Participant: 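Please read through the structure below; I'll follow up with questions.
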Amino acid sequence: MIDDDGVYVGKAGPDAAGDRGWLLGHFKAPGDLRQSDEVEIKWGVHPRGERRAAWTDGEKRTALLVLVSGRFRLEFPGRDVVLAEQGDYVVWGRGVDHSWEAEEESVVLTVRWPSIPGYRAP
């Protein structure tokens, strides 16, 4: 909800449901306070065993992923990282492709930058 003073107040779960988990980024409508070409933010809720459909290919953004709850594994070329405690996080740069799997039911917060129109995973 946007107040007259230019403040948006929402709930991550319901708000994320409309854009595959994304709360903020280039894909929001012009004039929406959550529209941004600089950054994307995602509230990801993943059931145990869920995997990313395919590895990224030619990653063009830097990303930060923070574990809110659960156990979440990120796969990078030659290395896996397991986030097991609330607040564990990983950052990866442009050109570092990745995949992931929720080892337990997990909630993660992802921040990516920049927000690139037309660039999205299958």
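Please read all numbers here as calculations on a predicted model, not as lab measurements. We use all heavy atoms of the structure for the numbers below, so side chains are in, but hydrogens, waters and symmetry mates are not. All residue numbers refer to positions in the sequence shown, counting from 1.
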Participant: Measure the shortest side-chain to side-chain distance between W100 and V108 over non-hydrogen atoms and say whether it is less than 4.5 angstrom.
Facilitator: no
Participant: Is L65 close to F72 at the side-chain level, that is, under 4.5 Å between some pair of heavy atoms?
Facilitator: yes
Participant: Sequence neighbours excluded, which residues qualify as ring pair (Phe, Tyr, Trp, His ring centres under 6.0 Å) partners of W43?
Facilitator: none
Participant: Return the minimal non-hydrogen interatomic distance between R94 and P114, and the atom names on each side.
Facilitator: NH2-CD, 3.1 Å
Participant: So, R61 and E59, do they make that salt bridge, N to O below 4.0 Å?
Facilitator: yes
Participant: Looking at R112 and A63, what are the two nearest heavy atoms and their distance?
Facilitator: CG-CB, 4.0 Å
Participant: Distance-only, no hydrogens or angles: does the T62 side chain make a donor-acceptor pair with backbone N or O of G93 under 3.5 Å?
Facilitator: no
Participant: For E40 and I116, which heavy atoms make the closest approach, and how far apart are they?
Facilitator: OE2-N, 3.6 Å
Participant: Is there side-chain contact between Y8 and D15, with at least one heavy-atom pair below 4.5 Å?
Facilitator: yes
Participant: Roughly how far, to the nearest 0.5 Å, is the OG atom of S69 from the CD atom of E105?
Facilitator: 7.0 Å
Participant: If you group Ile, Leu, Val, Met, Phe, Trp and Tyr by side-chain heavy-atom gaps below 4.5 Å, do V45 and L67 land in one group?
Facilitator: no
Participant: Let me confirm one number: the OG-CZ distance from S99 to F76, rounded to the nearest 0.5 Å.
Facilitator: 10.0 Å
Participant: For ring pair (Phe, Tyr, Trp, His ring centres under 6.0 Å), just list the numbers for H98 and W92, CA-CA rounded to whole Å, side-chain angles, deciding distance to a tenth of an Å, and then say yes or no.
Facilitator: CA-CA 9 Å; H98 70 284; W92 63 95; 4.7 Å; yes
Participant: So, do P77 and W55 sit near enough that their side-chain heavy atoms are less than 4.5 Å apart?
Facilitator: yes
Participant: Are V90 and V96 grouped together when hydrophobic residues (ILVMFWY) are joined by side-chain heavy atoms under 4.5 angstrom apart?
Facilitator: yes
Participant: Using a 3.5 Å distance criterion without hydrogens, assess whether the side chain of D97 forms a donor-acceptor pair with backbone atoms of G58.
Facilitator: yes
Participant: For D37, which residues count as a salt bridge (Lys or Arg N to Asp or Glu O under 4.0 Å) partner, sequence neighbours excluded?
Facilitator: none
Participant: Mind checking what makes side-chain contact (heavy atoms from CB on, under 4.5 Å) contact with S36, not counting sequence neighbours?
Facilitator: L24, E38, V39
Participant: Are the side chain of E101 and the backbone N or O of E103 linked by a donor-acceptor pair below 3.5 Å?
Facilitator: no
Participant: Please set out all donor-acceptor pairs under 3.5 angstrom arising from side-chain atoms of residues 78-88, sequence neighbours excluded.
Facilitator:
| residue | atom | partner | partner atom | Å |
| --- | --- | --- | --- | --- |
| Q86 | NE2 | V68 | O | 3.1 |
| D88 | OD2 | A84 | N | 3.0 |
| D88 | OD2 | E85 | N | 2.9 |

Participant: Is L23 reachable from L64 through a run of I, L, V, M, F, W or Y residues, each pair having side-chain heavy atoms under 4.5 Å apart?
Facilitator: yes
Participant: Locate the shortest heavy-atom distance separating G70 from E104; write the atom from each residue and the value.
Facilitator: C-OE1, 3.8 Å
Participant: Considering residues at least two apart in sequence or located in another chain, which fulfil the salt bridge (Lys or Arg N to Asp or Glu O under 4.0 Å) criterion with E75?
Facilitator: R51, R73
Participant: For residues Y89 and L109, determine if any side-chain heavy atom of one lies less than 4.5 Å from a side-chain heavy atom of the other.
Facilitator: no
Participant: Between the main-chain N or O of H46 and the side-chain N or O of S106, is there a donor-acceptor pair closer than 3.5 Å?
Facilitator: no
Participant: Just to verify, what does K28 make a salt bridge (Lys or Arg N to Asp or Glu O under 4.0 Å) with, not counting sequence neighbours?
Facilitator: D19
